[in-house]
Amino acid sequence: MSPGRLLALAVLVALAAAPFVPMGGMRQYVLHVVIQIFIWSFIGQAWSLMGRFGLVSLGHGAFLGVGAYTTTLLWNFYGLTPWLGVVAAVLLAMLLAFVVAYPCSRFGITGHYFALVTLAVGEVIRLLLIAERDWTGGSLGVTLRAPGSDASLLAIQYADKRVFYYGGLALWLAGLWVWARVDRSMARSAMEAIGEDETAAASVGIHVTRFKLGITMLSAGLTAIGGVAYAQYIAYVNPETLAGIGVSLRIVFAVVLGGMYVLLGPTVGTALTIALSEYLRVVFGVKFIGMAETIYGLLLVIFIIFLPAGIYGSVAALLRRRRVPAAAPA
Amino acid sequence: MLTVTGLTKRFGGFTALNDVSFEVGEGEILGLIGPNGSGKTTAFNCISGALAPTAGSIRFLGKELAGVTPDVVCHRGLARTFQIPRPFRKLSILENVAVAAHYGTDRAGSEASARVRATKILEMVGLPADPAAPTTLLGAGGLKKLELARALATGPRLLLADESLGGLDPAEMATAADMLRRVRGELGVTIVWVEHIMATLTRVVDRVVVLDHGEKIAEGRPLDVAADPRVIEAYLGEPIVLT
């Protein structure tokens, strides 16, 4: 077994055992933070599937919102289990992605213009959620209808955080698996080619529209799953936390910070941003409203200028460079 | 195998191509020549699907190509190179060719078989098939070869080579001309070669079509065409008449 695999296995074992390690009175809090890291990392991975090919979306909140509200409303109004609701959520998010991405691809809306279109879509979904208050509770949001007991598989609601911890872990691993699958496929080469030069890509037989739609719908579907997971965990949905510019930019920031071209980039970035925001929350409390956002924004600017490959991406590239001379003589 | 009839392309009020017709036979190397701005590249873009012609028909292997998208044109067995090489910089040399080998045909095999085919073609054009070698290793000549390799990887029956020798020194030009002959000889690919350097072209092609101001002004064997007064006039300019 290679050292890398051994390390990965050790990390997995540690993660699996973590909920049973004694942590004094901090266990609930630590679990809460780690669960959020799992879920938002998964969402970051979904975003980076598009972002790494130059399809920068500033409106992924739209897919989160569609996902989270679909399962929540189906459960609250019709009692449909989120296990089935998530299927509807994914299909709806993919439909929305299609409706947005098809005209963009067809009429050559790329780069900054594509980013602006997605930005608008994120806001439209947020405003729709606020406007349809009879259903969605407007800007106050909706609480998931509680099941009869403390632990309900049907409703995916559990008082014990450990259930969500393992669920989140599984989700995160699944996200890594999808990312690695895409990364190793020939489709990645095709997407890179499209991202660089659509005309040249088409000339070697690559169906540009099909690929762009495919990756966008995949990303949207996974993001919707992330939204459902978050809604089930928090048991409350709200247009500000699950749609619109704020959350959309937070996803982008985390991924850019960690590095969108490497497997663990979104995870590292998400862990850092969540740790940062928790730290700032503890330090500033409610004293300086907006301070956390200001520091976020400042860091984002610094990172885009000085570390465009992200923290993890830059470290990984550095390690690779140091390893190459050692391996070269063979 | 390729029949172009009455091909016309207008950009607003400007007529880039006017009623151009020619034919390409199986196994032939046809030179499409003309001075700058004569409509060569426009003709090329219409045939490869990058532009939709205003009028006229392009029949390839018995099927109409006018208005078909570039990826479908490629799947039907017609590949092109670009006048200025357009490599995919984020991909290695091998991946550039492998992606074309994988997606260039309708009957896509496994990804591994695409890499094997790409390796063979890279060997044929004389580029390293090391999967890690980046395109930044290549100079102007190397990029032209990569452009050719990528087009050939799609398994074409007919190759449209756009000014594939521009920017090369005479020695490189001679090698590249030999390469096109080998492409026809070894892979059985029919070639339409767009070029404005007539000297290199005449040694390789079977027949030439000459365009000037969007119209066909001559067609025939290279030496006959080179002696044609209309061609000489198009290349050297009209005689100045003093009054």
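Numbers restart at 1 for each chain; the letters A, B, ... are given by sequence-line order, proteins then strands.
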_Whether A:Arg188 and B:Glu95 form a salt bridge (side-chain N of Lys/Arg under 4.0 Å from carboxylate O of Asp/Glu) is what I want to check._
yes

[X] to [Y] - nearest heavy-atom pair and separation:
X: B:Asp71; Y: A:Ile206; answer: CB-O, 3.6 Å
X: B:Cys74; Y: A:Gly205; answer: SG-N, 3.5 Å
X: B:Lys90; Y: A:Glu196; answer: N-OE2, 2.7 Å
X: A:Met186; Y: B:Glu111; answer: N-OE2, 3.1 Å

If one checks every heavy atom of B:Ala98 against chain A at 4.5 Å, the contacting part turns out to be both

Under 4.5 Å to a heavy atom of chain A? For B:Pro156 that would be neither

Chain B shares the most heavy-atom pairs under 4.5 Å, among A:Ser185, A:Ala200, A:Ala201, with A:Ala200

Counting heavy atoms not belonging to [X], are there more than 12 under 6.0 Å from its [atom1]?
X: B:Arg157; atom1: CZ; value: no
X: A:Leu12; atom1: CG; value: yes
X: B:Phe11; atom1: CZ; value: yes
X: B:Arg181; atom1: CZ; value: yes

dist B:Tyr103:OH -> A:Arg210:CZ (nearest 0.5 Å) comes out at 10.5 Å

Value for OG (A:Ser189) from CG (B:Leu94), rounded to nearest 0.5 Å, stands at 9.0 Å

Under 4.5 Å to a heavy atom of chain B? For A:Arg184 that would be backbone

Okay, A:Phe53 and chain B: the region with an atom under 4.5 Å from a heavy atom over there is neither

